[in-house]
Amino acid sequence: MRQLFPLLFVVLLLVGIQEAQAQPTPMTITSTYQEDADQLIEAALDDSAAFERLAYLADTFGARFSGTENLERAIEWILTEMEADGLDNVHGEEVMVPQWVRGEESLTMLEPQPNNDMQILGLGGSIGTPEEGITAEVLVVSSFEDLEARKEEAPGKIVLYNVPFTSYGRTVEYRTNGANEAAAVGAVASLVRSVGPASLYTPHTGVMRYAEGVRQIPHAAVTVEDAMMMQRMQDRGQTIRVRLYMEAEMLPDVPSHNVVAEVVGSEQPEEVVVLGGHIDSWDVGQGAMDDAGGCVAAWEAVRLLKELGLQPRRTVRVVMWTNEENGLRGGNAYRDAHMDELDDHVLAMESDSGVFKPNGFGFTGSPEAYAIVQEIGKLLERIESGTITKGGGGADIGPIMREGVPGMGLSVDGSKYFWYHHTNADTMDKLDPHEFNLAVATMAVMAYVVADLPEKLPRATEESSN
Ligand SMILES: [Zn+2]
C-alpha cells in the first residue's frame, strides 16, 4: 500500500495540523496503513514463539542484576538469537555498570517476640552492618513529618517507616531517601515498609541513595505484614528490639552491554525510531515483567517487520538498555554514544510498566506530533490499545528525551504491577501470553507507522527550525 502513497496525504496532513489542531487530521493515516497494521496485529496475536522465548530467557538466566554473569550470559544469548532472526546491525555497546552485592542478610526480632526471623530485602546501594550486626530498638514512624516530630526518640534506634502505599511516586520516597532522614536524627539503621499495595509476605527491593555529607546507615525493606505488626506493638507500648545483619557492599564497576539491533530503513536509514526496555533486573525473582517482557515485546515487534517484509522508510531499532535499576548507566551511555545522531531520532518508545493489557501510549512531544500519533492510535482501536495520552516516556529513554527526542511509554493496566515489582514473585507465571502479544502488536504498529510516514514526526517548532 505504501508504494502507492498519495501525495495528497502530506498536503492534507499539513493543512489539517496547521488549520485545525484540535480537529482530527484527515483519515489518510488510517486508510494508508490499516492493511499493514492489521497484518502486524494478526501476526502478533497468532504467535506463541515470542512468549516462549521470553519464558526461556527468564527461566534459563533468571534474575539479571547489573554486575552478574547471569546478565551478561542473557545478553550474549539475545545477540545470538537476534542474528539468527536476520535482524540488521546486531551488536552490543559496552557500558560500565555498578556492582552492588547483597550478600547474606537477616532481621531478627529479640523482643517482644524472641527469635522471630523476618523476611527482608536490603535496598540497592545500601551499606552493610558491622559483622556482629546492629542490635537496637525500633522506632516506627508514619511519615517524614512524624519522624521530625519524634526526633528526640530517634538517636541510637532503627527507624521503621510504616507508610502505606498510595502511589509509587509518593511512597517510594521513603525507600530512596529514608536512610538520609533517619541518619540526620541519629538513627543507626532504617527500615521501610515494602513499596506495594498488597502483600503475601513479599519484601520489595529497589534503589536507595545516600545524600552527600550525611552519615551512611544500612537501609532495608521489611514486608507490609511485619511493618504493620511492629506498628501494633509500638501502639500498645511494647518495646521492639531487633538485630539487623547485612553484608551488602559496593564493588568496583564492571562492563555490561546495551543490546542493539535494527531493521534498516529503505529511504532514510539514518533516521531512527528506537524502541525497547531494560535488560537488567533486580537480583530477586526473574525480572519477567520488569523488564524482560518489555524487552522481548520490542524485539518481537521489530522481528515481525522483518518476517512480514514490512521495511519502513526509516530505521527501526530495538535497544535493550542495561543497568536501569540501580544506575541508569545504559540509558545515559546510549545518549552519549549516539549524541550526534539524536537529531535524527524520530521517536523513542519504552515498555517498562509490566506485561499487562496495553491501552495505548503516553506521549511527550510537540502538539503536531501528538496529533499524528493519536491518528496512528486509531489503527489500534480494534485491540483497544490506541489511546494516546499526554506525558509519558521511560527511564531509559529519559536521557535522549531531555536532548529533544519525542518519547512515549507503553501504557498498560497498572492495577497489579506493584504487587510483584522488585520481588521474588516477578516470575513468568504472572504473565498472560495474550496480553504480551497485544503489547507486541501495539508497539509494532506504532513503531512501523512512525518510521514509514512521509514526513518525520515534527518536533517543537523551535527545535525543528534548528
Ligand atoms: Zn523496570
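When a ligand or atom number is given, it counts from 1 through the structure's own listing order.
- Summarising the local packing, CZ of R170 is surrounded by 12 or fewer heavy atoms from other residues, nucleotides or ligands at distances under 6.0 Å.
- Aromatic ring pairs are classed by plane angle as parallel below 30°, tilted from 30° to 60° and perpendicular above 60°; the pair F356 and Y420 is parallel.
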N/O donor-acceptor pairs under 3.5 Å from side chains in residues 189-198, not counting sequence neighbours:
from, atom 1, to, atom 2, distance (Å)
S190, OG, H219, ND1, 2.8
R193, NH1, N162, OD1, 2.8
S194, OG, H204, N, 2.8
S194, OG, V222, O, 2.7

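- Taking the Zn ion (ligand 1) as the apex, the angle formed with NE2 of H278 and OD2 of D352 is 90°, to the nearest 10 degrees.
- Nearest N/O/S atom of D290 with respect to the Zn ion (ligand 1) is recorded as OD1.
- Residues passing the salt bridge (charged side-chain N to carboxylate O under 4.0 Å, His left out) test with E81, sequence neighbours excluded: R53.
- Taking backbone and side chain together, D291 holds no N, O or S atom under 2.8 Å from the Zn ion (ligand 1).
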